[in-house]
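These figures come from a predicted structure and were not determined experimentally. By convention here, the first residue in the shown sequence is residue 1.
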Amino acid sequence: MSKTRPNTRDVSLRTPMDLSADATRDISGALNALLADMFALYLKTKNFHWHMSGPHFRDYHLLMDEQAETDLRHLRQHRGARA
């Protein structure tokens, strides 16, 4: 007996929800803006990290490095599984 596989092109991937197309677009836009802000914060933190000077250089350098890694981890969590 041969089993036929369903045509995957005919399978709908739509998720039922109560949001309208406009609401989905607005939420997507807001989340993209949030991700852009998070990435800008990461870049600014890394910039401060590389341009530290003064008597407390090492402490601040390590602090900014740790903060940048935390920012990047949060950014990766919020962006989801996208590459």
From CD (Gln77) to CE (Met38), nearest 0.5 Å: 8.0 Å
Interatomic distance, Leu34 atom CG to Ile27 atom CD1 [nearest 0.5 angstrom]: 13.0 Å
Neighbour count >12 (heavy atoms, 6.0 Å) for atom CD, Glu69: yes
No-hydrogen, no-angle side-chain donor-acceptor test under 3.5 Å, His51 and Asn47: yes
Expected output: side-chain His61 to main-chain His49 donor-acceptor under 3.5 Å: yes
Polar side-chain atom of Ser28 near backbone of Thr24 as donor-acceptor pair, under 3.5 Å: no
Criterion salt bridge (charged side-chain N to carboxylate O under 4.0 Å, His left out) on Lys46 and Asp71, from CA distance to verdict: CA-CA 10 Å; Lys46 267 311 219 191; Asp71 292 344; over 6 Å; no
Out of curiosity, does [Y] fall in the hydrophobic cluster containing [X] (side-chain heavy atoms, cut-off under 4.5 Å, transitive links)?
| X | Y | answer |
| --- | --- | --- |
| Leu75 | Leu43 | yes |
| Leu35 | Phe39 | yes |
| Leu72 | Leu41 | no |
| Phe57 | Tyr60 | yes |

